[in-house]
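Excluded from the calculations below are hydrogen atoms, water molecules and symmetry mates; all remaining heavy atoms, backbone and side chain alike, are included. Please read these numbers as outputs of a predicted model, since none were measured by experiment. To find a chain, count down the sequence lines: A is the first, B the second, and so on, and within it residues start at 1.
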Amino acid sequence: MRIYVNNLNELNDNERITINGWVQETRKIKNLMFIILRDNTGIVQVTAKKNTLSNYNEIYDLTRESVISVSGILNKKSVSKSGVEINADKIEILSYAETPLPMGVIDKVSVDFDTRLNNRFIDLRKPENFFIFKFESELLFGIREYMNSNNFIEVHTPKTVAAATEGGADLFKVKYFEKDAYLNQSPQLYKEILISSGFDKVFEVGPAFRAEKENTVRHLNEFTSIDIEVAFADDNYVMGILENSMAHAIKHTIKKLGSDVFKYNSSLGEVKAPFPRITYEESIYYLNNNGFKLNFGDDFSPEAMKILAGKFDNFYFITKWPVDLRPFYTMPDENNPELTKSFDLQLNDIEITSGAQRIHNYKMLEQNFLIKGLNKNNFEFYEKAFKYGMPPHAGWGLGLERLVMNLLHLSNVRESTLFPRDRTRLSP
RNA sequence: GCCCCGAUAGUGUAGCGGCCUAUCAUACAGGCCUGUCGAGCCUGUGACGUGGGUUCAAAUCCCGCUCGGGGCGCCA
């Protein structure tokens, strides 16, 4: 059985163990040396002595971040600060790290974010960065668990598509044998087709691509989108799914990861569904009373979003957006044709989810192609699904990296992306 | 697409026309040291993005380029 650093407490004093990891640090005193060994659960001190190690000279020259396997006796009454150490009698060098490192894991000097991303493999050795992705993994597990227990089917739709259909966002063009293709900006149209297929409740976790030349701390050109679509549902129903899945996933994550999460966000434990709701028109009214000059139909600037966010603790919905600010498939409000049955979920001042009840009537959809100036020929594969039995339906899409960024109070969405793709970065 | 800012050892910085043969820290290499734990002490290696220009003199001032950061716009 593999032993990890965080298992050591459960073992007995003087027990014989083998443990693997990276050499985080060495402190050398001629015939005695200390190695701080790190695995992804923590660090432990290894004591190596010349008279107990046959390859002491080789070990003495170990470089930081080399990978070793240590066998020895667990000493739980160590005089070291942690109180635990391993008295090594055998150390095997599995991988020797070159020097100097492109960046240090525990150096006291700061490192530019750009340098960190260029050396992401080392950057992620830092426990605080690794933690972000453990958090993401647990959060996503919690969301999946919620969806699964509510009878959602997880699906996978194509990311390579034929036409730049939906207007609006720019798409990346790729060669597809003798044809042109595009990287999909969202699974939207495919989720809806599956609703006509009778899947009833679908969800998908997958990449989405946007070719917009943004240069901000909240945009990526490739991000992970969590999408759901539900048949015979309206906007309110899927808002309920959203807030409950968030509350469930956060609760799960806190339970699994413990108080570490509060180092990033001390109020995370207070997230409870339902989330507060404000309509688009109420938001406009509020912002006009707080120094902004906004008309009906205007979108909110980042500055305005900060002011609005000040009204709420963390999550809140902005509902009933104007028709002009929403895509062609958004269902208009039956009480006011200028508004839609749509919503954004905000977390602090950032939009993390956009959703709505969708139009399921084929004629209405065709009319919207005209109004939005879209070429209906590009939508044949989609429209077809509406002609032969399409239930009313609603759904949403959520940016996973943005969710994690905001839950952990990170200042840049690239922090919650393993290998970010942005305006200028395509590597690693 | 627009605006602002930046580029000096592996890493992070100081410098802002001549005191630069370029500062400091950290890392790295070598040495001393059998209980270190931000180890300590000694020695050493290592850098001005690129192409022009101004000047007696450029890391420093000007222009182009390249690369990067941030804000806005755009954005399911």
- Quick one: is the NZ or CZ of A/Lys28 closer than 6.0 Å to the six-membered ring centre of A/Tyr60, and within 45° of its axis? yes
- Between B/G35 and B/A22, how far is it from one P atom to the other, in whole Å? 40 Å
- Would you say the base of B/G35 and the side-chain of A/Glu85 have a donor-acceptor pair closer than 3.5 Å? yes
- Report which part of the nucleic acid A/Arg64 touches: base, sugar-phosphate, or nothing (heavy-atom distance under 4.0 Å, all strands). sugar-phosphate
- Under a 3.5 Å cut-off for both distances, is B/G12 Watson-Crick or wobble paired, and to whom? B/C24
- Query: Does the side chain of A/Thr115 get closer than 4.0 angstrom to OP1 or OP2 of B/G12 through an N or O atom?
  - Reply: yes
- Task: Can you tell me the distance, in whole Å, between the CG atom of A/Asp422 and the P atom of B/G69?
- Result: 6 Å
- Within the structure shown, what part of the strands sits under 4.0 Å from A/Asn31 by heavy-atom distance: base, sugar-phosphate, or nothing? base
- Return the nucleotide paired to B/G6: Watson-Crick means purine N1 to pyrimidine N3 with N6-O4 or O6-N4, wobble means G-U with N1-O2 and O6-N3, both under 3.5 Å. B/C67
- B/U54 and B/C48: how far apart are their P atoms, nearest whole angstrom? 24 Å
- Query: Is A/Asp299 touching bases, backbone alone, or none of the nucleic acid, heavy atoms closer than 4.0 Å?
  - Reply: nothing
- Item | Integer angstrom distance from the P of B/U55 to that of B/C62 | 16 Å
- P gap between B/A58 and B/U50, integer Å: 15 Å
- If the C1' atom of B/G46 is compared with that of B/G6, how far apart are they to the nearest Å? 24 Å
- Task: Indicate whether OP1 or OP2 belonging to B/G40 is found under 4.0 Å from a side-chain N or O atom of A/Arg27.
- Result: no
- Note on the structure: Output for pair (A/Glu415 CD, A/Phe133 CZ), nearest 0.5 Å, gives 8.0 Å
- Item | ring pair (Phe, Tyr, Trp, His ring centres under 6.0 Å) partner of A/Tyr280, chosen from A/Phe296, A/Tyr285, A/Phe317, A/Phe343 | A/Phe296
- Answer with base, sugar-phosphate or nothing: what part of the nucleic acid does A/Ser110 contact at a heavy-atom distance below 4.0 Å? sugar-phosphate
- Would one find a side-chain N or O of A/Lys81 under 4.0 angstrom from OP1 or OP2 of B/C37? no
- Task: Look at A/Lys49 and B/U34 and indicate whether a side-chain polar atom (N or O) is within less than 4.0 Å of OP1 or OP2.
- Result: no
- Message: Tell me whether A/Lys159 forms a cation-pi arrangement with A/Phe209, defined as NZ or CZ under 6.0 Å from the six-membered ring centre and within 45 degrees of its axis.
- Response: no
- Task: Would you mind telling me which residue lines up with the more 5' stretch of RNA chain B, A/Asp61 or A/Leu32, judged by nearest nucleotide?
- Result: A/Asp61
- Note on the structure: Paired to B/C41 by Watson-Crick or G-U wobble criteria (both distances under 3.5 Å) is B/G31
- Using distance alone, with no hydrogens and no angle criterion, decide if A/Asn119 and A/Arg125 have a side-chain donor and acceptor under 3.5 Å apart. no
- Considering only the C1' atoms, how many Å lie between B/C19 and B/A57, rounded to the nearest integer? 14 Å
- Item | SB check A/Arg38 A/Glu65 (cutoff 4.0 Å) | yes
- Query: Looking for any heavy atom pair under 4.0 Å, which part of the strands does A/Thr424 touch: base, sugar-phosphate only, or nothing?
  - Reply: sugar-phosphate
- Query: What is the pairing partner of B/U36, taking Watson-Crick or G-U wobble pairs with both distances under 3.5 Å in any strand?
  - Reply: none
- Item | Spacing of the P atoms in B/G69 and B/A59 (rounded, Å) | 28 Å
- Tell me the partner of B/C56, counting only Watson-Crick (N1-N3 plus N6-O4 or O6-N4) or G-U wobble (N1-O2 and O6-N3) with both under 3.5 Å; none if nothing fits. B/G18
- Message: Less than 4.0 angstrom between a side-chain N/O of A/Lys28 and OP1 or OP2 of B/U34, yes or no?
- Response: no
- Query: Below 3.5 Å, does any donor atom in the side chain of A/Asn215 face an acceptor in the base of B/G70, or the other way round?
  - Reply: yes
- Item | Lys NZ or Arg CZ of A/Arg358 over A/Tyr329 ring: under 6.0 Å, within 45° | no
- Task: Tell me the partner of B/C72, counting only Watson-Crick (N1-N3 plus N6-O4 or O6-N4) or G-U wobble (N1-O2 and O6-N3) with both under 3.5 Å; none if nothing fits.
- Result: B/G1
- Whole-Å P distance, B/C2 and B/U60: 28 Å
- Want to settle it: does A/Arg425 or A/Asn119 sit nearer the 5' end of RNA chain B, counting the closest nucleotide to each? A/Asn119
